[in-house]
Amino acid sequence: MAHSKNRATDGKITYPPGVKEISDKISKEEMVRRLKMVVKTFMDMDQDSEEEKELYLNLALHLASDFFLKHPDKDVRLLVACCLADIFRIYAPEAPYTSPDKLKDIFMFITRQLKGLEDTKSAQFNRYFYLLENIAWVKSYNICFELEDSNEIFTQLYRTLFQVINNGHNQKVHMHMVDLMSSIVCEGDSVSQELLDTVLNLNKQAYDLAKALLKRTAQAIEPYITNFFNQVLMLGKTSVSDLSEHVFDLILELYNIDSHLLLSVLPQLEFKLKSNDNDERLQVVKLLAKMFGAKDSELASQNKPLWQCYLGRFNDIHVPVRLECVKFASHCLMNHPDLAKDLTEYLKVRSHDPEEAIRHDVIVSIVTASKKDLSLVNDHLPGCLYWRVRKEAMMGLAQIYKKYALQAEAGKEAAKQISWIKDKLLHIYYQNSIDDRLLVERIFAQYLVPHNLETTERMKCLYYLYATLDGNAVKALNEMWKCQNMLRHNVKDLLDLIKQPKSDSYNKAVFSKVMVITRNLPDPGKTQDFVKKLAQVLEEDEKIRKQLETLVSPSCSCKQAEVCVVSTVSLHLAGKSTCSYRHRIHQSHSFISFFSALIKQVNKSIEGTADDEDEGVPTEQAIRAGLELLKVLSFTHPVSFHSAETFESLLGCLKMEDEKVAEAALQIFKNTGNKLEESFPHIKSVLLPVLQHKAKKGSPRQAKYAIHCIHAMFSNRDTHFAQIFEPLHKSLDTDNMEQLITPLTTLGHLAMLAPEQFAAPLKSLVANFIVKDLLMNDRIPGKKTTKLWVPDDEVSPETLAKIQGLKLMVRWLLGVKNNQSKSGNSTLRMLTAILSSDGDLTEQGKIGKPDMSRLRLAAGCAILRLSQEPCYHEIIALEQYQLCALVINDECYQVRQAFAQKLHKGLCRLRLPLEYLAVFTLCAKDPVKERRAHARQCLVKNINLRREYLKQHAAVSEKLISLLPEYVVPYAIHLLVHDPDYVKVQDIEQLKDIKEALWFVLEILMAKNENNSHAFIRKMVENIKQTKDGQCPDDPKINEKLYTVCDVAMNIVISKSTTYSLESPKDPVLPARYFTQPDKPKAANVLGAVNKPLSATGKLQTKLSRMETISNASSNSNPSSPGRSKGRLVSQTHIHVSSLIYTTIYNALGIPSETEKPSRGRKRGAAANQDDKVQESKPKRGQKKAANTSTDDAEDQWGEDSSMAEASMETEDEQNSPPKRGRRGRPPKSAASKDETPSKGRRGRRKTAPPADEENEEEQEEEEDDEDDAGREADTASDSVESTPQKRRGRPPKSQTAARKARYTDSCC
């Protein structure tokens, strides 16, 4: 090597053979030609050619001169660079260049030439590739490690390679670049931050190159990456690199390239998750969401502490952080099913998040994951509908149901797992919001039974859907169709109104109909304007009117409906509400044209050719459900059933053994067969014998429907009825009770439908057979059991026959509809006797407790049925009404439940008088929470129903007392006064019960102060205090109770209202049967009298004084005049009683009495106490006298009402010996006192509420049907709730059997 240096010192340059001197004196072309020959020479040389290496040493030094390194021609520079690359290869490991500056210039020169790699189509690309390959293979740049400026050289090289790499390069170019760069990282002493930034700050084309580089150098470069993130994340030194702003993006990219690059960085993220900076936590959460959710990520299993820390951010205080966690969940669930358990638990918590956006995204996450894999979150889907983003949950569940159940994308097992979705979705129809109900209708048409299916498939889908729904979902679906049908009828009525000539009545009628339609659409306030506009358009545009007429026509097909809807949309009927309106009308036609396909599907099941088992539905269940479906549709679309094929199919169903199938077929005939006799005589000839057979030998329900079918379908019904009545009447025999049930049912419905035709035999039948032979005799001893209720199949035939006997009596009276023969009075005495004897009319002790419960329920429901007829309502005594009301507190849970349902149904149909709404106040102390909740729901619905009715029917103002819900207050007060549990006037616990019962109804009435109703209620209570009890006007104890209950009611109104002191909008009218007329001269206001001894400064006294100035209904004097109090004639005893009452109420309700207050009120309170002490000696004498008076009155009444005379003969005074308190119910017979025997009050006609518009004979028959089902509905409840015995309510005690039997036999005959 020393010799080489000497040769170099000589300066003589030796060129390869054939190559002349290369200098600036030759042309560019010649220089290029000569350089090519030099390149060829160096390419052929290897490291072992020592002589050639020494020979060409000066040439190597010459080629590194500035002349060549800075030559303007790129071809010259390329050839020189290739020569220099070979020189480094040949002279390796030591380069012939010793100057650091020269080495830097040479490598910077070579780096610049590498830019030529960018153009892969260049003629010189191969030479550029040769250059890259040579320096990569030799690792020429490693020489620069010893240079001070090595970082600059390496950085420039990396930048150049990352800039020139592109998609045109082949794999070899890519490989050589990675080799060249990785050698620098792996063999170098360090990696500078500048070089690291060059690697990390890449464009998209260089990503693969950098990814390959990082993968190959992961172990070597990891410490430098860790140091960079330490500087930024932990020390906050963002100035160390321009990439500091993108640190989290870098972490994600590096993790995706190779997770080993971040082994020491990930623990730092756990620290950042707990940062106090909200934005920083959010960035870390976004980063980790992507890292954990990556498809092949194992981060959660490898770093469990970090995973648990991340899950904790689901509960972060910052809303965007929680939202980001929820958004990521579905992605992670789908890619990592093993994490589903952890994620779903946190999602469940976030489903109740106060932020709606978060709740929404929870639904989206769960639904999205379910669509991919149902097993991931199937256990958590049922809770979706209870979350506060119901719309998104419903739509998501509907999509899941359509995918897995209808399209069966995951097989039958998956379809079975989500079979509950259809039920839950339909249950939402019970919500009060019209938006929820409209959404259910939309979901039904789009997902449950998709409208775009072919007709046969669609009906098959509907058929099996209906067969697999639970009971509540079936009711919801039926209600949905009913509402759609009502809307269609309302629109049809509107169209009929528009055709009429305009007048004042016309405008009122149109407005009323518009209001009815508006309630069926979302946002009624805004919708009202749209519907008004629609009415105007219909008046002006005949084309739209005809299209709408077609749309509401029963014969309109789905295709016609769709054309009509599209046509109206294309016109000027714009607006969201109007679209919803058209949508609801269109949906109501969804099945009109498909009855034929539906009936064929039912026939397939009957014939055994359907796929019932494949659909998971037993054949019998499918047939039964199919007929139930047809029955429901027969109410809404009876015209669609008028075909021979339909009626023949129904005839086949009548011959089946399944009772339910035959019952449904009979109901369909009843609903649709009004023209059968004319249009299908051949079917009539076959059907009539079948109906007659069902009426005689079928089940009770079949017999009922058979009679109604004959009544509805045939013209000569009298002849057919006689053919049924005569043989049944003659064959009645009490020896075979099982064979007696159906005939009694048939005769009962004949009595109701044709009372005049069979007037004489029916009266004899009731008197001699029903009363004497059936009801007044107990032939078969009942089973000894402690149960209060048993299922239907365990009830004795004798009891079932007696129940049918009672129903026969009631139906006969309902058919007659008059009380000229006094049969109504006798029947009512019979029914109340059953109630008073706990169901054991003969009192022989032969009947079991379950049978007694059944008979009590039947008697109570019978009184409710009779109360719906004005002619019988007016003869029901108050004592009988109160005894009937006590059934709602029966000791048997199922009796209470069934009675409440019957009561609610009669009130909702506006058939029962308003006083029966007060019966629900007795439910306040029901021991079962569900029963109290049900009673409250009934009150709310009835009150709202009556208020809506009054708004829509302004013309019924003269019947206000029978409709206005506030008028229930007097009835409730009177009922509580005569409550058998209310014994001691001064008993604090009993007063609390009274308060609770009053608040049970007043809370709902006072929820809205419509038309200043609070003042109206207050005025009504004041008026009551000016009267006496109409039932026992001369009984001081009853009147004392009346004033006490009024004081409690007044206290509630005062404490719960701020507007009670305003002027009442109307003068209340009290029911004459319940309260006497005010005394004249006017009696003192009891509450005002109480205030005199208790008056003191304070808010309460001011309220009461203000209240005292309001006049009552019968007052003619100035209420605010000073002489008002002086003109009253008030007995000292009356004042004392009221004062004592009010003091007791204060103590019971937790209000400090005036005697507890200091200063002036204390002396006055002491005086009042002294008065109380003086009067305490008087009640014993007064009580005894009151008891005797009550007993005498009771004897007068119950001597007329048979065995109830003995009921008043209790010997124990109620004040001295009150019954034990316990769960609400009848007090023991031994505990009832003489004082509790009510005397007969004045009778007065009370008009019942007018029937609703939609009431008709079908609803009446349905109510009777429900009567038959009362026990069955209670059986359903008994499976989940055991009979809850209550204390027996104050019925009169049992009397001797012989006397009772004789009296009732005589009265009924």
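Here the shortest heavy-atom pairing between L254 and F229 reads CD1-CE1, 3.7 Å. Shown here for F67 and M31, the closest heavy-atom pair between the two residues is CZ-CE, 3.5 Å. Here the closest non-hydrogen pair linking T155 and N151 is OG1-O, 2.6 Å. When every heavy atom of C186 is checked against every heavy atom of T217, the shortest pair comes out as SG-CG2, 3.6 Å. Counting all heavy atoms, side chain and backbone alike, G116 lies closest to F125 at O-CD1, 4.4 Å. Closest heavy-atom contact between F88 and A95: CE2-CB, 3.6 Å.
With sequence neighbours excluded, the residues satisfying side chain to side chain donor-acceptor pair (under 3.5 Å) with N142 are E187. By the side chain to side chain donor-acceptor pair (under 3.5 Å) test, D149 pairs with K104, sequence neighbours left out.
Residue K215 places its NZ atom among more than 12 non-hydrogen atoms of other residues, nucleotides or ligands, all under 6.0 Å distant. Around NZ of K102, the count of heavy atoms belonging to other residues, nucleotides or ligands within 6.0 Å exceeds 12.
Using a distance-only test at 3.5 Å, with no hydrogens or angles considered, a donor-acceptor pair links the side chain of N335 to the main chain of G293. Between the H71 side chain and the D73 main chain, a donor and an acceptor come within less than 3.5 Å of each other. Using modelled atom types, one side-chain atom of N256 and one backbone atom of L252 make a donor-acceptor pair closer than 3.5 Å. Counting only distance, with no hydrogens or angles, the side chain of Y130 and the backbone of C82 share no donor-acceptor pair below 3.5 Å. Between the S190 side chain and the S192 main chain, no donor and acceptor come within less than 3.5 Å of each other. Side-chain atoms of S301 come within 3.5 Å of backbone N or O of E298 as a donor-acceptor pair. In this structure a side-chain-to-backbone donor-acceptor pair under 3.5 Å is present from Y15 to I22. A donor-acceptor pair is defined here as one N or O able to donate and one able to accept, closer than 3.5 Å; no such pair exists between the side chain of S65 and the backbone of L61. The main-chain N or O of L266 is never found under 3.5 Å from a side-chain atom of E270 such that the two would form a donor-acceptor pair.
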Starting from the C-alpha separation in whole Å, work towards a yes-or-no answer on side chain to side chain contact (heavy atoms under 4.5 Å, CB included) for L250 and F228.
CA-CA 11 Å; L250 278 176; F228 164 67; 4.0 Å; yes
Dump the intermediate steps for ring-ring contact (aromatic ring centres under 6.0 Å, His included) on F154 and F145, then the final yes or no.
CA-CA 9 Å; F154 296 149; F145 287 146; 5.4 Å; yes
Step by step, would you call S122 with Y128 a side-chain hydrogen bond (donor to acceptor under 3.5 Å, both in side chains)?
CA-CA 10 Å; S122 171; Y128 287 116; over 6 Å; no
Is there a ring-ring contact (aromatic ring centres under 6.0 Å, His included) between H176 and F129? Walk through the geometry before answering.
CA-CA 9 Å; H176 289 316; F129 175 75; 5.5 Å; yes
Could you walk me through whether R281 and N276 pass side-chain hydrogen bond (donor to acceptor under 3.5 Å, both in side chains), step by step?
CA-CA 8 Å; R281 285 201 316 279; N276 293 327; 5.7 Å; no
Could you go step by step and tell me if F42 and V39 meet the side chain to side chain contact (heavy atoms under 4.5 Å, CB included) rule?
CA-CA 5 Å; F42 283 128; V39 169; 6.0 Å; no
Residue pair Q156, T111: steps toward the side-chain hydrogen bond (donor to acceptor under 3.5 Å, both in side chains) verdict:
CA-CA 7 Å; Q156 186 60 39; T111 299; over 6 Å; no
After noting the C-alpha distance and the side-chain angles of Y224 and Q193, does the key distance pass the side chain to side chain contact (heavy atoms under 4.5 Å, CB included) rule?
CA-CA 8 Å; Y224 305 103; Q193 185 61 48; over 6 Å; no
Going through the checks in order, is the side chain to side chain contact (heavy atoms under 4.5 Å, CB included) test met by L157 and L180?
CA-CA 9 Å; L157 172 66; L180 177 60; 3.9 Å; yes
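Residue pairs meeting the salt bridge (charged side-chain N to carboxylate O under 4.0 Å, His left out) criterion with at least one member in residues 112-136, sequence neighbours excluded, do not occur. Residue pairs meeting the salt bridge (charged side-chain N to carboxylate O under 4.0 Å, His left out) criterion with at least one member in residues 322-337, sequence neighbours excluded: R322-D353. Among residue pairs with one or both ends in residues 304-313, those qualifying as salt bridge (charged side-chain N to carboxylate O under 4.0 Å, His left out) are R313-D316; sequence neighbours excluded. Here salt bridge (charged side-chain N to carboxylate O under 4.0 Å, His left out) pairs that include residues 162-179, with residues two or more places apart or in two chains, are D179-R216.
For F292 and H336, the gap between ring centers reaches or exceeds 6.0 Å. Two rings, from Y310 and F328, have their centers less than 6.0 Å apart. Between Y91 and Y56, the ring centre distance reaches or exceeds 6.0 Å. Taking the six-membered ring for Trp, F107 and Y97 have ring centres at least 6.0 Å apart.
Between V191 and I184 the shortest side-chain heavy-atom distance does not fall below 4.5 Å. Counting heavy atoms from C-beta outward, W307 and L339 have side chains that approach closer than 4.5 Å. Counting heavy atoms from C-beta on, the side chains of V285 and L273 come closer than 4.5 Å. Between Y158 and V185, the closest side-chain pair of non-hydrogen atoms falls below 4.5 Å. With a 4.5 Å cut-off on side-chain heavy atoms, D75 and L35 do not count as touching. In this structure, the side chains of C309 and K274 come closer than 4.5 Å at one or more pairs of heavy atoms. Counting heavy atoms from C-beta outward, Y141 and I110 have side chains that approach closer than 4.5 Å. The shortest side-chain heavy-atom distance between T120 and N166 falls under the 4.5 Å cut-off.
Atom CD in Q113 sits 10.5 Å away from atom OG1 in T160 (nearest 0.5 Å). Considering CG of L63 and CG of N58, their distance stands at 11.0 Å, rounded to 0.5 Å. With values rounded to the nearest 0.5 angstrom, S150 atom OG is found 12.0 Å from L103 atom CG. Atom CG of D86 and atom CE of M45 lie 9.0 Å apart (nearest 0.5 Å).
Screening K290, M291, K286 against L288 for a side chain to side chain contact (heavy atoms under 4.5 Å, CB included) leaves a single residue, M291.
Salt bridge E194/R159: present, at least one basic N to carboxylate O contact under 4.0 Å. Classification of E30 and R34 as a salt-bridged pair holds, one side-chain N sitting under 4.0 Å from a carboxylate O.
H260 and D258 share a donor-acceptor pair across their side chains, judged by distance under 3.5 Å alone.
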